Each structure stands twice: as C-alpha cells, then as structure tokens.
There are 2 protein chains.
Amino acid sequence: MRAERLKGHLDALLLAVLAGGPRHGYGVIEALRTGSGGRFDLPKGTIYPALHRLEQAGLVRGTWSDDTGRQRRTYELTAAGKRQLNDERSSWREFSTAVVALLEGKPCPAT
Amino acid sequence: MRAERLKGHLDALLLAVLAGGPRHGYGVIEALRTGSGGRFDLPKGTIYPALHRLEQAGLVRGTWSDDTGRQRRTYELTAAGKRQLNDERSSWREFSTAVVALLEGKPCPAT
DNA sequence: CACCTATGGGTAGCATTACTACCCTTCAAA
DNA sequence: TTTGAAGGGTAGTAATGCTACCCATAGGTG
C-alpha cells in the first residue's frame, strides 16, 4: 500500500476505529491493521502525532490510565468527534464517487 | 471537497484523464471538473507542477504546439503511463476497499 | 483607446502530513 | 541476563497540493 494515498484520510480512519470503543495507541494500530485486512500497518510515528492532533482539535479525549502499574494513554471519541466521523464518512463517499467516475468511467475525449 | 484528500491520488486522476486523448493543461482541468461532476475544480498551481512531475517520470509526453499562433503544451500518455494507470487503478481499488472496511464496517470493539 | 475577461503557461513559497529514525520505560520469557 | 514485545514519545525530512503571483494573446465592451 503506497503510503501517500493515506494523506488526508488518516483522521477519518482513526475516528472510525475509536468509534468501536476506547483504545490506546497500540490498540489503534492493531485495529487499523486487522480492520483493513492487513492493508494498513502504520508506524507509531504516524499514529501518535495524529492522535495528538485529534486531541488538540477536541475530537478525541485522551486519559492516562495506570491499571497494570504501566502508564498508558487511552483515547475515546468526544461528541464532536462522533459528529466529525459522520462528516468524514459522507465526505469519503463524495470523494470516492468522484475518483471512481474519473478512474473507471469511460474516457471523455479531448476537443 | 476538502483538498488534502486528493493527496497521493492526483497523479492517477491525471493519467486517467489523459487516457481519453491528448490535452493541454487547461483541458485537463476542465476534464477533471466535468468528469468528476464538478467535485474537482483544481487550480493551475496544482495541475501544471503535477503534469511536469509526470513528464519527468516518463509517464506523460508534452509537446509544444503552435496551431493558432498561441503556444500551448499538449500532453499525452506514454506506454509507461498507460501501464502506470493500470497499476493506479488496482491500487485505488485496494485502498478504497480498506478504507470502506474501516469506515463503514461494523466496529471492532477494543479488548 | 482602455479595460475586463477568458484562455493558456508558469513559478516561489507555504502548510499540511505521513514517515524514518531515534529516545524512553516496563514486563515476561528464554 | 538478555532479548523481545508492549507502550509512549519526538525531531527532522520528504512529498505534495495550494495560494499568490508572474507572463502573454484574444475578444469583447465601456
């Protein structure tokens, strides 16, 4: 999977994953991998800054938990994040429709 | 249409448009607009550098024409460009499949 | 004539964003 | 004791689309 394709879509995927319940960073990476059929195997250097961005934007809330004596940060969707996820879904559909029309549609001959 | 979504997919769209026959830059912009149902209305500052990239990569061949006394540059797919377009199409399908699985699929609950 | 608009090509610099390559800790198993 | 996985993090880089400009020609319209 060429990486650049992900640009601009990662936030939507993170929100979608967190819609399944709170997770910490490693869990998010795992959910992306399994949920995509192994197609997205993203490095931590991609996920953590992205989660921080989403938190900064108020779409996600992160809380430190210390259940096993180990510091781990758990992220969950905020109300704004859920709304954003809906927007992202319809935005994806529109984008996808346009791309498919151009990629798979019959060629429009030049004048 | 949020712009960042386009990142990493523009080259594929350009190749797809040029598969309909040679065009100059303005024609490419127009074809992207009409072919996408008005969803992609991309500025020249996006298209021209991208076409130059594709030319540099040997996927597209540009030739100056002077039919109406006006200098215009016409681009057409090379053989490598046609091959690349096929790759881009299957790559898009794979990417799209993965995104849809995550965005629309049933949430995978955290452990 | 002067001005505006569309067509047509181009570039410099900016902002965003994902990635590589690192640093750190804790814990279990070999 | 050492190795590996789990877990969190950052600095710097590369790619790339966009904004804001530059240029020219042509055809209308005030």
Side-chain angles (χ1 to χ4, degrees), chain A residues 1-15 22-34 36 39-57 59-60 62-75 88 95 98-99 110-111, chain B residues 1-15 22-34 36 39-57 59-60 62-75 88 95 98-99 110-111:
Chain A
M1 173 75 56
R2 270 184 52 213
E4 314 96 74
R5 308 205 171 270
L6 199 55
K7 288 210 182 207
H9 305 277
L10 178 59
D11 291 6
L13 300 183
L14 292 179
L15 294 176
R23 290 175 191 272
H24 47 266
Y26 244 69
V28 167
I29 292 177
E30 198 178 290
L32 283 174
R33 185 165 4 92
T34 63
S36 68
R39 293 184 185 88
F40 293 137
D41 193 7
L42 305 181
K44 296 180 296 178
T46 294
I47 299 302
Y48 288 123
L51 285 172
H52 298 339
R53 271 204 308 271
L54 293 179
E55 191 174 13
Q56 202 76 18
L59 304 175
V60 148
T63 48
W64 286 105
S65 55
D66 202 346
D67 38 325
T68 60
R70 297 186 57 179
Q71 295 275 309
R72 41 163 62 177
R73 195 153 176 79
T74 302
Y75 293 95
E88 298 279 1
F95 173 74
V99 171
T111 49
Chain B
M1 173 75 56
R2 270 183 54 214
E4 313 95 75
R5 306 204 173 271
L6 199 55
K7 288 208 183 212
H9 304 277
L10 178 59
D11 291 6
L13 299 183
L14 292 179
L15 294 176
R23 291 174 190 272
H24 47 267
Y26 245 67
V28 168
I29 292 178
E30 198 178 289
L32 284 174
R33 186 164 4 93
T34 62
S36 68
R39 293 184 185 88
F40 292 137
D41 193 6
L42 306 180
K44 297 180 295 178
T46 294
I47 299 302
Y48 287 123
L51 285 172
H52 297 160
R53 272 204 306 270
L54 293 179
E55 190 174 13
Q56 202 76 19
L59 304 175
V60 148
T63 48
W64 285 106
S65 57
D66 202 347
D67 38 326
T68 61
R70 298 186 57 178
Q71 295 275 309
R72 41 162 64 176
R73 194 155 177 77
T74 302
Y75 293 95
E88 297 279 2
F95 173 75
V99 171
T111 47

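Numbered from 1 within each chain, the chains take letters A, B, ... in sequence-line order. The shown structure was predicted, so the numbers you read here are calculated from the model rather than taken from an experiment.
- The side chain of A:His52 places an N or O atom within less than 4.0 Å of a non-bridging phosphate oxygen (OP1 or OP2) of D:dT10.
- Considering all non-hydrogen atoms of both residues, B:Leu13 and A:Val99 come closest at CD2-CG1, 4.0 Å.
- When the P atom of D:dT16 is taken as reference, atom CZ of A:Arg5 falls 11 Å away, rounded to whole Å.
- Nucleotide C:dT11 holds its P atom 10 Å from the CZ atom of B:Arg73, rounded to whole Å.
- For the pair B:Arg53 CZ and C:dG9 P, the computed distance is 17 Å after rounding to whole Å.
- Atoms CZ (A:Arg23) and P (D:dG7) sit 12 Å apart, rounded to a whole Å.
- Distance B:His9 NE2 to D:dG17 P: 10 Å, rounded to the nearest Å.
- Closest approach to the B:Tyr26 side chain among C:dC19, C:dT7, C:dG10 is made by C:dT7 (side chain taken as heavy atoms from C-beta onward).
- Using cut-offs of 30° and 60° on the angle between ring planes, the pair A:Phe95 and B:Phe40 is perpendicular.
- Taking atom CG on B:Leu6 and atom P on C:dT17, their separation rounds to 14 Å, with Å as the unit.
- Nearest to the side-chain atoms of A:Pro43 among the listed nucleotides C:dG9, C:dT20, C:dA18 stands C:dT20.
- Residue-level contact check: B:Gly45 touches the bases, meaning some heavy atom is under 4.0 Å from a base atom.
- Counting to the nearest Å, the P atom of D:dG8 and the CZ atom of A:Arg72 are 6 Å from each other.
- Here C:dT17 presents its P atom at 14 Å from CG of A:Leu51, a figure rounded to the nearest Å.
- In this model, no side-chain donor or acceptor of A:Lys7 finds a partner on the base of D:dG17 within 3.5 Å.
- Across D:dG17, C:dT20, D:dG9, the shortest atom-to-atom separation from the side chain of A:Tyr48 is found for D:dG9.
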Evaluation steps, side chain to side chain contact (heavy atoms under 4.5 Å, CB included), between A:His52 and A:Tyr75: CA-CA 10 Å; A:His52 298 339; A:Tyr75 293 95; 3.4 Å; yes
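- Set against D:dG17, C:dG8, D:dG9, the side chain of B:His24 has C:dG8 as its closest nucleotide.
- Looking at which nucleotide of DNA chain D each of A:Thr46 and B:Lys44 is closest to, the 5′-most match is held by A:Thr46.
- Rounding to the nearest 0.5 Å gives a distance of 12.0 Å between CZ of B:Arg23 and CG of B:Leu51.
- Of all heavy-atom pairs between B:Gly8 and A:Arg5, the closest is O-NH1, 3.4 Å.
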